[in-house]
Q: 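One structure, pasted below without further comment.
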Amino acid sequence: MPLAFIPSPARASWHAGVLAFRVQALCVVLAILLAIFWTDRRYRRAGGPRGVITDVAAWAVPAGLLPAVIGLLLAGPQPPVLAAIRAWDEAVGFPGAVACGLAGAWIGCHRMRVRFPAARRGRAAARPPGPGP
């Protein structure tokens, strides 16, 4: 067994009545929420107003999930006419999600006229000049 081996979980989903919660989907949702929280905190610490990151994420997240939906639709059973574009469904995965999410973030920033805060100076610049410690 390799040293970095992580076994697959015994169950891939949890059932709550008629609803099935997939662990992979829950991890993606948790990662998106964590990224929004972390980016919002850093943006406000840099001097940006509150709520801008969540507003931009409202554009970026659905735009980034769009290629995943298209990939699922293309990967399903298809008539022979659509079999010719079958190779294209792999191209809309991760690279397509990043590109469409970036485009969604750009549209969100453009529509809300987001102004980015000026870059903060590091702690070294805040110290007075003089001999070292």
Side-chain angles (χ1 to χ4, degrees):
M1 177 182 315
L3 183 62
F5 178 73
I6 299 174
S8 296
R11 297 175 56 191
S13 64
W14 293 308
H15 297 280
V18 294
L19 297 175
F21 295 101
R22 303 258 178 225
V23 176
Q24 181 182 6
L26 292 175
C27 288
V28 169
V29 169
L30 180 66
I32 290 170
L33 292 175
L34 182 64
I36 292 169
F37 170 76
W38 190 6
T39 305
D40 184 54
R41 194 171 137 208
R42 290 186 57 150
Y43 183 73
R44 284 189 287 126
R45 197 176 283 168
R50 176 172 280 221
V52 171
I53 298 301
T54 54
D55 291 343
V56 171
W59 284 88
V61 171
L65 292 176
L66 186 65
V69 172
I70 292 172
L72 283 174
L73 292 176
L74 291 177
Q78 302 170 3
V81 177
L82 295 179
I85 63 170
R86 177 92 174 137
W88 183 75
D89 65 350
E90 295 174 4
V92 297
F94 185 74
V98 171
C100 289
L102 182 62
W106 183 83
I107 290 169
C109 287
H110 183 70
R111 288 185 58 105
M112 293 184 305
R113 292 177 171 74
V114 173
R115 299 286 181 235
F116 296 99
R120 291 188 325 169
R121 295 184 180 172
R123 292 179 185 231
R127 279 188 248 149

Q: Gly64 and Ala97: which non-hydrogen atoms are nearest, and at how many Å?
A: O-CB, 3.3 Å

Q: Look up atom SG in Cys109 and atom CD1 in Ile53, then write down how far apart they are to the nearest 0.5 Å.
A: 7.0 Å

Q: Applying side chain to side chain contact (heavy atoms under 4.5 Å, CB included), name anything that partners His15, two or more places apart in sequence or on another chain.
A: Ser13, Ala20

Q: Any salt bridge (Lys or Arg N to Asp or Glu O under 4.0 Å) pairs touching residues 20-37, not counting sequence neighbours?
A: none

Q: Please list, chain by chain and in numerical order, all residues satisfying side chain to side chain contact (heavy atoms under 4.5 Å, CB included) with Leu65, sequence neighbours excluded.
A: Val61

Q: Specify the closest pair of heavy atoms between Met112 and Val52, including all atoms of both residues, with the distance to one decimal.
A: CE-O, 4.1 Å

Q: First locate atom CZ of Arg111, then atom CH2 of Trp106, and finally report the distance between them rounded to the nearest 0.5 Å.
A: 11.0 Å

Q: Determine the minimum heavy-atom distance between Ala16 and Phe21, stating which atoms define it.
A: CB-CE1, 3.8 Å

Q: Among residues at least two apart in sequence or on other chains, which ones pass side chain to side chain contact (heavy atoms under 4.5 Å, CB included) with Pro62?
A: none

Q: Are the side chain of Thr54 and the backbone N or O of Gly51 linked by a donor-acceptor pair below 3.5 Å?
A: yes

Q: Is there a side-chain contact between Tyr43 and Pro49 (heavy atoms, below 4.5 Å)?
A: yes

Q: With sequence neighbours left out, write down each residue that passes side chain to side chain contact (heavy atoms under 4.5 Å, CB included) with Trp14, or none if nothing qualifies.
A: Arg11, Val23, Leu26

Q: Once salt bridge (Lys or Arg N to Asp or Glu O under 4.0 Å) is applied, what residue pairs with a partner in residues 23-41 remain, sequence neighbours excluded?
A: Asp40-Arg44

Q: Verify side-chain contact (heavy atoms from CB on, under 4.5 Å) between Leu66 and Cys100, making sure each step is shown before the conclusion.
A: CA-CA 8 Å; Leu66 186 65; Cys100 289; 5.5 Å; no

